[in-house]
Amino acid sequence: MKKIIIAIILLLIALGLRAPAISVMAADTISGVLLYSTSPYAKNEGNLTIDITENNPNYPGYGNGLSPGSVYRFDGLLTIENSNDFPVCVILESQSDLVKFYTDDQSLPAISFTLDVNESMSVGVELNTAELGLMEEYYSIQIMEGGCQ
Amino acid sequence: MKKLAGLLLLIVGLTLTIGAGANFRYYEAERSITVNITSDDNEFIDLTPLQPYAYLNNGKLTIEMSPNNPNYPGYGDGMSVNTIYVFEEMFNVSNELWENENGDFPVCVQISIGDGVEVFAGDYDNPISGPGTQLQFTVYHDEPVPVGFIFNNTDKEMGAQQVQMSINAVAGACE
C-alpha cells in the first residue's frame, strides 16, 4: 500500500516535471518563451534567424540587401511571447555596435521588459551598415523567472 | 528497507524537481542576424544612376561632375560660374522591399540636399515634388520615381563645390 502511495507521489512529481515541456511549440522556444517573427526578413525554422540575403526562402528576387553607410529600422521584427505560467524578465542584448533594439523611438544596445503570463512584446531592430560585404552579427536573449527589477 | 528505498526515490524525485525549477530561474540563448551589404542600386530602397554624372562609389550613389568621375569622357570638365543647369532623371528611386510580395507596401521617400542645389521628383515641367532643397514623394514597388537636379552656379567661386544629400524612407505613403 505504501509502495503504491509512493509510486503515486513519484508519478505526480514526474508529471509535474513534464508539464512545462508540453508547452514546447514549433516556434523557437527558450524556456517557455516564444521567439518568432512575422517579417519576411526572418526565417522561423528552428532557431529564429534574421536573414537579409538571397539565401532567405522569402527572397522575392529583388532587393538583395541593404546599402553601405546607412541606418535601417525594422519595426516589430521580433516578437517575444511568454507561454510560462509565471511572469518573466526578458533581456535582449546586442553583441555588436551595429545592432540596436527599440520598443519606442529610442534604440538601445540592450533592452529589458517584463512579460506577464501569455503577454507578448514586439521589438524593432535597428541596423547600422558599414562597408560592402556580408554582415554577421549576434544578440543574446536572457530570460529570468519573475518580473524585471 | 523497502521504506528506505521509497524514501530515497522520493528524495531523488524532489531533487529533480528542484533541479528543473532552477533551470527556469535564468536562461540565455544566442541568435544571429545576417545581412548582405550591397550597392545602392540593388538594395531595398534602390537608387539607380541614370546619367553618366551619377555613379556608384563603393556602392554609394555619387553625383560628380569632374574628371574624377569614372564616366568622364575626357571633355567637359564641369559647369561654369553664373549658370543654371537642369538635369532630369539623374537617378531613380525604387521600392524593392520584400513586404511587397504580400500586397502594396509603399514608402515615403524624403530627400534633403545642401545649398546651391535643388532636386525635384518626376519631370521638370510637371514635377511630383519640388524643386527645392527638401522634397518627399511616395514610391510603390515596380514604379520607380526619377529624381532630377538643378545646379544654380550664380555667384559661385571657381573650384570644387561639394554638397551632401540625405535620403530617408519611411514605411507607408506620404501624408
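Letters go in sequence order (proteins before strands), and every chain restarts at 1.
- Residue A:N56 touches chain B through its side chain alone, counting heavy-atom pairs closer than 4.5 Å.
- The residue among A:I141, A:T53, A:L66 with the most heavy atom pairs within less than 4.5 Å of chain B is A:L66.
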Under the criterion side chain to side chain donor-acceptor pair (under 3.5 Å), I'd like the reasoning laid out for B:S112 against B:S166: C-alpha separation, chi angles, the key distance, then a yes or no.
CA-CA 5 Å; B:S112 61; B:S166 71; 3.0 Å; yes
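- With a 4.5 angstrom heavy-atom cutoff, A:I91 does not touch chain B via any of its atoms.
- Ring geometry for A:Y62 versus B:H141: interplanar angle of 30 to 60°, hence tilted.
- Only the side chain of A:V125 comes within contact range of chain B, with at least one heavy atom under 4.5 Å from a heavy atom of that chain.
- Residues A:E137 and A:M135 share a closest heavy-atom pair of OE2-CG, 3.6 Å.
- Under the 4.0 Å criterion applied to side-chain N and carboxylate O atoms, B:D40 and B:K60 are not assigned as salt-bridge partners.
- Side-chain rings of B:F120 and B:F149 stay apart, their centers remaining 6.0 Å or farther from each other.
- Heavy-atom distances place the side chain of A:Q95, and not its backbone, under 4.5 Å from chain B.
- Interface check for chain A: of the options B:D46, B:L97, B:N95, the most heavy-atom pairs under 4.5 Å are formed by B:L97.
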Worked check of ring-ring contact (aromatic ring centres under 6.0 Å, His included) between B:F105 and B:Y140:
CA-CA 7 Å; B:F105 193 85; B:Y140 288 87; over 10 Å; no
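- If you measure heavy-atom distances from A:Y72 to chain B, the contacts under 4.5 Å come from the side chain alone.
- Contact tally against chain B (heavy-atom pairs below 4.5 Å) for A:P60, A:G69, A:S140: the top residue is A:P60.
- A distance below 6.0 Å separates the ring centres of B:W98 and B:F44.
- Neither the backbone nor the side chain of A:V33 comes within less than 4.5 Å of any heavy atom of chain B.
- With a 4.5 angstrom heavy-atom cutoff, B:N168 does not touch chain A via any of its atoms.
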